[in-house]
**Student:** 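Could you have a look at this structure, given as structure tokens, before my questions?
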Number of protein chains: 2
Amino acid sequence: MNISLKDVAARAGVSVKTVSNVVNGYRHVTPATRQRVQQVIDELGYRPNLTARHLRKGRTGIIALALPELGNPYFAELADAVISYAAGLDYIVLLDHTNGRRDQEVLFAQGFRARLIDGLILSPIELENEDLLARGNDAPLVLLGEREYEAPHDHIAIDNVAAARTATRHLLDLGRRRVAFLGARHGRVRRVAHLRLRGWRAAIAESPGAAAGDELVAATDGYTRGDGAQAMARLLDSGVAPDAVFCYNDLIAIGAMRTLIERGLRVPEDVAVVGFDDIDDGRYCSTSLTTIAPHKQAIAQAAVDALLARLDGGDEAAQADPRYIRPGFALIRRESTLGRP
Amino acid sequence: MNISLKDVAARAGVSVKTVSNVVNGYRHVTPATRQRVQQVIDELGYRPNLTARHLRKGRTGIIALALPELGNPYFAELADAVISYAAGLDYIVLLDHTNGRRDQEVLFAQGFRARLIDGLILSPIELENEDLLARGNDAPLVLLGEREYEAPHDHIAIDNVAAARTATRHLLDLGRRRVAFLGARHGRVRRVAHLRLRGWRAAIAESPGAAAGDELVAATDGYTRGDGAQAMARLLDSGVAPDAVFCYNDLIAIGAMRTLIERGLRVPEDVAVVGFDDIDDGRYCSTSLTTIAPHKQAIAQAAVDALLARLDGGDEAAQADPRYIRPGFALIRRESTLGRP
DNA sequence: CTGAAAGCGCTTACAG
DNA sequence: CTGAAAGCGCTTACAG
């Protein structure tokens with residue numbers, strides 16, 4: 001059924017070594033031989049069996065990217081960047097969903113798909129330090145997103161506290177005094193939501209006239225537009241009357257704006273809104289969204305580069321100390337804080 | 001370095017066959033043996049080499065999903081559905097970008113990654129019939145999205161003409177008489193944009209008082225929000241004053257709404273807008289978007305099911321005639337045509 | 001420049 | 001219930 005190197009070799013009257021040489025484009029094959037072999041390959045429709053090649057080489061050229069979910073445009077855009085960049089370096093990306101569940105994250109972190117993938121880029125939500133320590137000496141792992149792990153892995157993350165502080169300060173600089181935070185999380189202190197909340201607190205603390213009460217902080221269950229819409233509604237219902245909102249991410253911000261408009265409040269005149277992520281949606285909202293833009297391209301490249309350095313960089317590189325890489329971010333000012341020009 | 005079955009077998013004092021039996025959870029291993037082997041596996045941190053298994057079995061359990069790009073939420077949401085559904089059936093999904101480029105699509109269609117993947121789901125944009133005919137007897141291929149190919153492959157697609165007609169008729173039923181179409185494409189007649197344009201024409205033709213001129217049709221280069229915003233601006237600048245717009249997809253519709261609002265036009269009072277795809281964004285726009293919702297879940301399941309039938313269904317199933325499956329769609333009415341309740 | 005042969009790590013008839 | 005051995009289809013020292 002399947003045509004193998006051997007079949008091609010037999011038909012072309014050469015050894016499998018020669019066919020292999022032709023297939024892999026090695027020099028030092030006489031043009032005549034090359035042509036004859038190529039002709040048989042075309043005739044037979046031969047295609048190399050990658051699985052066999054992988055087994056033999058001990059490498060697959062596949063890296064896995066494990067993200068919570070693709071439904072969030074931030075992750076979709078990031079995945080897009082990783083896939084494109086990796087493709088340019090001749091690596092294939094296997095995309096996995098963890099749904100932000102610890103058991104799934106543990107599965108991937110601990111070497112699921114061993115030797116099918118050369119390495120793994122993981123963006124954890126619930127993963128704990130101990131899960132990482134329990135990890136065997138598997139394929140290299142690169143972590144995405146700020147978190148305080150002690151296990152020795154390359155780690156790519158922007159400075160969330162600084163970014164959140166920048167966003168909040170922008171609102172305060174506009175003269176807002178009651179800046180709410182939407183998207184706090186109950187539970188573990190390690191999470192990114194806590195870091196962004198910390199940034200919010202820091203900016204408020206620096207600004208004498210600004211309200212700082214906990215009633216300005218609204219938690220959400222998830223990170224979706226619906227969560228944002230609900231949280232904003234709850235906040236308004238509770239009698240808190242913010243004049244600005246800094247949101248955990250753009251989706252929550254978009255949901256919040258939706259609620260504000262439904263309640264007859266104007267953005268930014270009555271309530272200014274800042275998001276986080278710089279997803280495409282935010283640019284084309286009826287009121288375009290001011291946001292923090294983590295440099296996704298830089299994140300994707302840093303992650304892939306870090307992984308490939310361990311894979312292709314030779315022994316010193318593979319053994320090098322883990323690095324913590326901090327791509328930059330920028331505040332993108334749009335109508336939700338500045339109004340229509 | 002890497003621990004193999006053989007290492008485990010040696011240490012446990014059994015044959016590799018027995019270890020394999022334990023690893024694969026076969027019955028008929030005495031509990032004592034099983035336990036001893038399992039202990040050695042844990043001690044050594046043995047993990048099966050999937051590449052070797054794949055080579056031996058001739059199957060990998062991996063299916064590829066080749067989409068234009070993940071940046072478009074429609075494809076991201078669809079990918080999400082495919083990955084989740086396939087995971088439930090113990091299949092891994094390898095996600096690929098074609099960027100809607102013919103050369104990329106040809107690459108995948110013609111058996112790129114042979115024997116690494118068991119089958120392929122491809123959503124082509126530029127692929128031609130001849131590209132498909134040139135295809136060898138490779139892994140099964142399922143096509144996604146309406147197109148008129150003559151090659152024998154399973155094909156999953158909603159009825160775009162009917163859906164576009166439904167959308168346009170909705171606008172006409174609301175009393176609109178100058179319904180524009182945004183997102184026509186120059187070039188090949190096979191494309192989905194032509195089908196949706198055909199549906200628009202059909203609905204207009206059925207409605208005596210409706211304007212039908214070509215000046216109501218605006219082409220776009222791509223399918224993004226930016227394309228929609230520009231096309232809407234061009235349409236308005238050209239002096240055409242539509243009272244409704246049916247857009248090729250939700251992204252174009254969102255871009256169009258953005259332009260309308262910038263120009264001081266109200267949605268839906270001055271111009272009603274309908275999109276296509278039912279992406280999440282549309283639900284939370286300041287003016288939520290009326291749209292055609294293709295049943296993504298059904299599409300994803302049909303695609304995976306069709307592929308797996310060929311893979312796992314035995315000989316008759318593998319040889320069965322190609323099927324054209326037509327998942328349904330629904331018109332979702334929201335504020336962009338009905339106004340705020 | 002080309003060939004013969006080993007071996008990557010599994011699974012699976014075939015015996016016993 | 002367990003073992004010895006073949007073979008999936010490649011690549012790669014090792015010869016020549």
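Given the structure is predicted, the values throughout are model-derived calculations rather than measurements.
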**Student:** Return the CG to CD1 distance between A/Asp118 and A/Ile63, rounded to the nearest 0.5 Å.
**Tutor:** 8.5 Å
**Student:** By nearest atom, which of the nucleotides C/dT11, C/dC10, C/dA4 is closest to the B/Ser4 side chain?
**Tutor:** C/dC10
**Student:** Identify which nucleotide among C/dG3, D/dG9, D/dT2 has an atom closest to any side-chain atom of B/Thr30, counting heavy atoms from C-beta outward.
**Tutor:** D/dT2
**Student:** With sugar-phosphate meaning primed atoms plus P, OP1 and OP2, does B/Thr33 contact a base, only sugar-phosphate, or nothing at under 4.0 Å between heavy atoms?
**Tutor:** sugar-phosphate
**Student:** In whole angstrom, what separates A/Leu55's CG from D/dT12's C1'?
**Tutor:** 14 Å
**Student:** When you measure from the side chain of B/Tyr91 to the backbone N and O of B/Leu308, does any donor-acceptor pair fall under 3.5 Å?
**Tutor:** no
**Student:** Return the value, rounded to whole Å, for the distance between atom CG of A/Leu50 and atom C1' of D/dC10.
**Tutor:** 10 Å
**Student:** Measure from CG on B/Leu116 to C1' on D/dG9 and round the result to the nearest Å.
**Tutor:** 14 Å
**Student:** For the OH atom of B/Tyr223 and the CG atom of B/Asn72, what is their distance to the nearest 0.5 Å?
**Tutor:** 10.0 Å
**Student:** Got a sec: does the CD of B/Glu130 have more than 12 other heavy atoms crowding it under 6.0 Å?
**Tutor:** yes
**Student:** What is the distance from OH of A/Tyr26 to C1' of D/dA13, rounded to the nearest Å?
**Tutor:** 12 Å
**Student:** C/dT11 phosphate, OP1 or OP2: any side-chain N/O from B/Asn24 under 4.0 angstrom?
**Tutor:** yes
**Student:** What closest approach, in Å, do A/Ala12 and A/Val40 show between heavy atoms, and which atom pair accounts for it?
**Tutor:** CB-CG2, 3.8 Å
**Student:** Rounding to an integer number of Å, can you tell me how far A/Leu5 CG sits from C/dA4 C1'?
**Tutor:** 15 Å
**Student:** Could you state the NZ-C1' distance from A/Lys6 to D/dT11, rounded to the nearest angstrom?
**Tutor:** 15 Å
**Student:** Quick one: which of C/dT11, D/dC10, D/dT11 gets closest to the side chain of B/Lys57?
**Tutor:** C/dT11
**Student:** Verify the neighbour count for atom CZ of A/Arg323: are there more than 12 heavy atoms of other residues, nucleotides or ligands below 6.0 Å?
**Tutor:** no
**Student:** For D/dA13, what is the paired nucleotide under Watson-Crick or G-U wobble rules, both distances under 3.5 Å?
**Tutor:** none
**Student:** Using the salt bridge (charged side-chain N to carboxylate O under 4.0 Å, His left out) criterion, which residues pair with B/Arg310? Sequence neighbours excluded.
**Tutor:** B/Asp154
**Student:** Quick check on D/dG3: is either OP1 or OP2 less than 4.0 Å from any side-chain nitrogen or oxygen of B/Thr18?
**Tutor:** yes
**Student:** Using whole Å, report how far CZ of B/Arg47 lies from C1' of C/dC8.
**Tutor:** 19 Å
**Student:** Which atoms of nucleotides 14-16 of chain C (N or O only) lie under 3.5 Å from a protein N or O atom, and what are those distances?
**Tutor:**
none

**Student:** By nearest heavy atom, map B/Val29 and A/Val23 onto DNA chain D; which one lands nearer the 5' end?
**Tutor:** B/Val29
**Student:** With the side chain of A/Ser20 defined as its heavy atoms from C-beta on, choose the nearest nucleotide among D/dT11, C/dT12, D/dC10.
**Tutor:** D/dT11
**Student:** Side chain of A/Asn49, heavy atoms from C-beta onward: which of D/dC10, D/dA5, C/dT2 has the nearest atom to it?
**Tutor:** D/dC10
**Student:** Paired with C/dA4 by Watson-Crick or G-U wobble geometry, both distances under 3.5 Å: which nucleotide is it?
**Tutor:** none
**Student:** Do you know the tightest heavy-atom contact between B/Asp80 and A/Leu70?
**Tutor:** OD2-N, 3.3 Å
**Student:** For A/Asn21 and B/Pro48, take the nucleotide of DNA chain C holding the closest heavy atom to each; which residue's nucleotide lies nearer the 5' end?
**Tutor:** A/Asn21
